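Notes follow once the structure below has been shown.
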Amino acid sequence: MPFHQQPPALGNQYEDDSVLRSYLKRTLPREMLNEIEPSLIEMGRLAGGDLYRMQLADRINEPVLTQWDAWGERIDHIELTPLWRAAERIAAEHGVVAAAYEGKYGSNSRTYQSALAYLFTPSTDIYSCPLAMTDGAARTLLSSGNQSLIDRAVPHLTSRDPGTFWTSGQWMTELSGGSDVGISETVARPDGEGVWRLYGRKWFTSAATSQMALTLARPEGNGPGGRGLALFYVEPRDDSGRLQKIKIDRLKDKLGTRKVPTAELTLDGTPAQLVKGTTDGVRNIAPLLNITRLWNGISAVSLMRRGLALALDYANRRTAFGTTLSAKPLHMDTLAGLQSEFEAAFHLAFFAAELTGRSETMELNEDRTILQRLLIPVMKLTTGKQAVAVASEVLEAFGGAGFIEDTGIPTLLRDSQVLPIWEGTTNVLSLDVLKVIGRDDRALLAFTEAIHSLLEPVNSPGLLEAKATVRAAVEHAVNWLKIAKGEGESRMDAGARRFALTLGRTMELALLINHAQWSQANEADTRAIVMARRFANSGIDLITD
Ligand code: MFK
């Protein structure tokens with residue numbers, strides 16, 4: 001028989017995921033889990049079955065921009081790929097945004113929705129991008145208090161009916177702007193008939209096919225910086241489907257997220273409505289950023305999980321040097337290291353979802369509110385870096401096959417690479433972390449107290465060394481900050497990334513230890529202990545003196 005290599009296969013992505021299942025068992029009331037489990041099983045089935053097959057079949061398709069019709073009329077039509085058209089329908093029907101807004105499970109609604117998003121994302125080539133912005137727009141409008149916009153848009157953004165479901169764009173990035181949103185150049189002028197009109201170029205507008213967008217522009221005469229910007233609501237097309245004074249100049253030619261129709265837009269009198277006053281645009285769009293950053297983290301762990309599911313399955317199929325890869329200690333040791341990174345990241349991303357859920361139902365006290373503000377950027381930057389590192393190793397776990405496009409595996413690395421870049425780069429978010437801590441002394445205290453309460457119930461002998469690692473890393477971070485503060489701003493800034501990543505990895509380890517203790521006591525399972533011990537030895541404290 002000639003040699004024949006079987007490709008990796010996926011099973012039900014919920015049923016096969018012991019990390020997700022054990023976490024949900026710990027954090028959700030039993031009746032709630034019983035109630036939502038059928039929908040998670042169904043999403044797991046789709047993600048490992050029909051959607052995954054569709055994803056492989058759709059591999060080379062990309063969105064296409066047609067600027068002119070045959071008769072010379074400017075139409076700027078973007079045709080999405082079949083996978084993305086199906087993804088929009090499935091996302092609506094399964095409530096991948098809506099579950100967070102239906103209020104059925106109180107603050108746990110956000111955990112449920114994050115679990116759906118986590119299962120859905122890896123089989124849809126980053127359809128999580130428009131969903132993240134949609135979710136963020138719904139949250140931003142709800143917190144704006146602008147009732148007419150809430151009535152107009154939120155029922156669409158949170159609909160389960162594909163016929164009425166809308167997605168939202170988030171038009172922030174400008175040629176001048178990038179990370180420094182405060183230097184955005186788009187201006188807003190009232191047209192004398194009660195309508196604001198926007199003029200400018202938006203340089204990186206993800207998912208340009210959305211039915212609405214939130215964007216920033218500077219009302220003429222306003223001062224500089226983020227304070228001088230205002231937050232606007234835009235519906236890009238009129239009732240007949242024509243773009244309203246918007247030109248789609250081109251689609252971006254990106255390293256990854258190739259299915260996302262990211263566009264450059266020119267706004268030339270686009271009608272818009274103020275969302276909340278004529279200033280403080282950056283502050284007013286912040287609720288959106290916190291939601292999309294949460295999605296970024298959930299997407300990061302979901303891509304890590306997908307890579308590992310494929311690599312583990314392949315390890316049982318691939319024979320080389322006389323045995324399967326799964327019988328080779330070095331290969332399995334390598335995968336175990338990746339699994340521990342994934343599990344640590346998983347617990348941090350879902351902890352951020354828990355805090356978000358409780359903030360949405362007004363159940364966070366002041367300390368936890370500031371902890372949430374601190375942890376969102378910490379979580380986003382930490383998990384983004386882990387996703388790229390894990391994806392790179394996953395490709396290698398397939399040998400040459402991992403480098404070959406029609407296996408579908410290289411996409412994992414390309415798509416992961418965007419996660420540390422968009423929604424705030426690692427460095428910009430590290431500086432944001434310093435700003436949060438600098439603004440409010442309680443932030444770091446809330447962090448250390450959260451760590452202590454996670455470690456408090458841990459007494460398993462197998463976890464004591466890892467527990468000591470957490471304590472030492474926290475102490476080092478607190479001391480570094482004290483010393484760096486005394487040495488001036490440039491010393492602080494230079495160390496910001498190492499500091500923020502140390503906070504992230506330390507919180508990950510504390511959460512993993514806490515879960516491992518629970519899992520041993522309640523599930524008689526010591527697997528998470530092994531993962532925690534392993535993660536504890538893979539670089540938690542990254543601060544250099
Ligand atoms: C897969 C899922 C992901 C889906 C992604 C979808 C595709 C998206 C494509 C994009 O990349 S969209 C663009 C994303 N761009 C960014 O994320 C911008 C990154 N830059 C920053 O985050 C900067 O830190 C920032 C622009 C916010 C800095 O600008 P400023 O003008 O120096 O703001 P500053 O002073 O830090 O904050 C202004 C106010 O907002 C302050 O409040 P006060 O006015 O009361 O003092 C801040 O406290 C508040 N603020 C800022 N960030 C906040 C926040 N409040 C709450 N949460 C936050 N995260």
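Computed over heavy atoms, backbone and side chain alike; hydrogens, waters and symmetry mates excluded. Note that the coordinates shown come from a computational prediction; the quantities given were computed from them, not determined experimentally. Residues: numbered from 1 along the sequence shown. Counting convention: from 1, in listed order, for ligands and their atoms alike.
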Crowding at CD, Glu220 (>12 non-hydrogen neighbours, <6.0 Å): yes
Should Ala132 be listed as contacting ligand 1, given a heavy-atom distance under 4.0 Å as the test? yes
Which ligand 1 atoms, with their elements, are less than 4.0 angstrom from a heavy-atom of Cys129? 4 (C), 6 (C), 7 (C)
Any nitrogen or oxygen of Arg227, main chain or side chain, under 3.5 Å from a nitrogen or oxygen of ligand 1? yes
For Val282, the atoms of ligand 1 under 4.0 Å from one of its heavy atoms are 27 (C), 33 (O), 38 (C)
Between Ser392 (side chain only) and Ala389 (backbone N and O only), is there a donor and an acceptor less than 3.5 Å apart? no
Ignoring angles and geometry beyond distance, decide whether Arg283 reaches within less than 3.5 Å of ligand 1 through its nitrogen or oxygen atoms. yes
For atom 8 (C) of ligand 1, which protein heavy atom lies nearest, and how many Å away is it? Glu423 OE2, 2.9 Å
By number and element, which atoms of ligand 1 are closer than 4.0 Å to a non-hydrogen atom of Thr292? 3 (C)
Look at atom 22 (O) of ligand 1 and say which protein heavy atom is nearest, naming residue and atom and giving the distance to 0.1 Å. Arg293 NH2, 2.9 Å
For Ser128, the ligand 1 atoms with a heavy-atom partner under 4.0 Å come out as 1 (C)
Closest non-hydrogen protein atom to atom 25 (C) of ligand 1, residue and atom name please, with distance? Ser179 O, 4.3 Å
Taking only residues two or more places apart in sequence or in another chain, which ones pass salt bridge (charged side-chain N to carboxylate O under 4.0 Å, His left out) with Glu185? none
Spacing of Leu83 atom CG and Arg59 atom CZ [to the nearest 0.5 Å]: 13.0 Å
closest protein heavy atom to atom 1 (C) of ligand 1 is Ser299 OG, 3.4 Å
I'd like to know if the side chain of Arg89 and the backbone of Arg85 have a donor-acceptor N/O pair within less than 3.5 Å. no
Between the main-chain N or O of Thr164 and the side-chain N or O of His156, is there a donor-acceptor pair closer than 3.5 Å? yes
Test your reading of the model: is there a side-chain donor-acceptor pair from Arg218 to the backbone of Gly182, 3.5 Å cut-off? yes
Among non-hydrogen protein atoms, atom 57 (N) of ligand 1 lies closest to Asn290 ND2, 2.9 Å
Please confirm whether Gly225 comes under 4.0 Å of ligand 1, counting heavy atoms of the residue only. no
Does the N or O separation between Arg439 and ligand 1 drop below 3.5 Å for any pair? yes
Gap separating the OG atom of Ser416 from the CE atom of Met304, nearest 0.5 angstrom: 8.0 Å
Nearest-neighbour protein heavy atom for atom 53 (C) of ligand 1, which is reported as residue plus atom name and distance: Arg373 NH2, 3.2 Å
Please confirm whether Lys435 comes within less than 3.5 Å of ligand 1 when only nitrogen or oxygen atoms on both sides are compared. yes
Does any N or O in the side chain of Thr425 come within less than 3.5 Å of the main-chain N or O of Ile421, such that one atom is a donor and the other an acceptor? no
Flag yes if more than 12 heavy atoms outside Lys247 fall under 6.0 Å of its NZ atom; otherwise flag no. no
What are the atoms of ligand 1, with element, lying closer than 4.0 Å to any heavy atom of Ser206? 7 (C), 8 (C), 9 (C)
Once rounded to the nearest 0.5 Å, what's the spacing between atom NZ of Lys259 and atom OG1 of Thr411? 7.5 Å
Quick check: Trp295 and ligand 1, any N/O pair under 3.5 Å apart? no
Near Thr173, which atoms of ligand 1 are under 4.0 Å from a heavy atom of that residue? 13 (C)
Under 6.0 Å from the six-membered ring centre of Tyr118 and within 45° of its axis: does the NZ or CZ of Arg305 meet both? no
Give the contacting part of Asn296 toward ligand 1: side chain, backbone, both or neither, where contact means a heavy-atom distance below 4.0 Å. both
Strictly by salt bridge (charged side-chain N to carboxylate O under 4.0 Å, His left out), give each pair with a member in residues 274-284 just once, sequence neighbours left out. Arg227-Asp280, Asp280-Arg283
Residue, atom name and distance, where the atom is the protein heavy atom closest to atom 18 (C) of ligand 1: Val181 CG2, 3.8 Å
Quick check for you: to the nearest 0.5 Å, what is the distance between Arg110 atom CZ and Arg139 atom CZ? 6.5 Å
Using a 4.0 Å heavy-atom cut-off, which part of Asp280 comes near ligand 1: side chain, backbone, both, or neither? neither
Counting from 1 in the order shown, the ligand 1 atoms closer than 4.0 Å to a non-hydrogen atom of Leu289 are 17 (O)
Numbering as shown, the atoms of ligand 1 that approach Val428 to under 4.0 Å (heavy-atom distance): 20 (N), 21 (C), 23 (C), 24 (O)
Is any N or O atom of Gln170, backbone or side chain, closer than 3.5 Å to an N or O atom of ligand 1? no
for atom 55 (N) of ligand 1, nearest protein heavy atom and its distance come out as Ala286 CB, 3.5 Å
Sub-3.5 Å donor-acceptor pair from the side chain of Thr205 to the main-chain atoms of Ala263, do we have one? yes
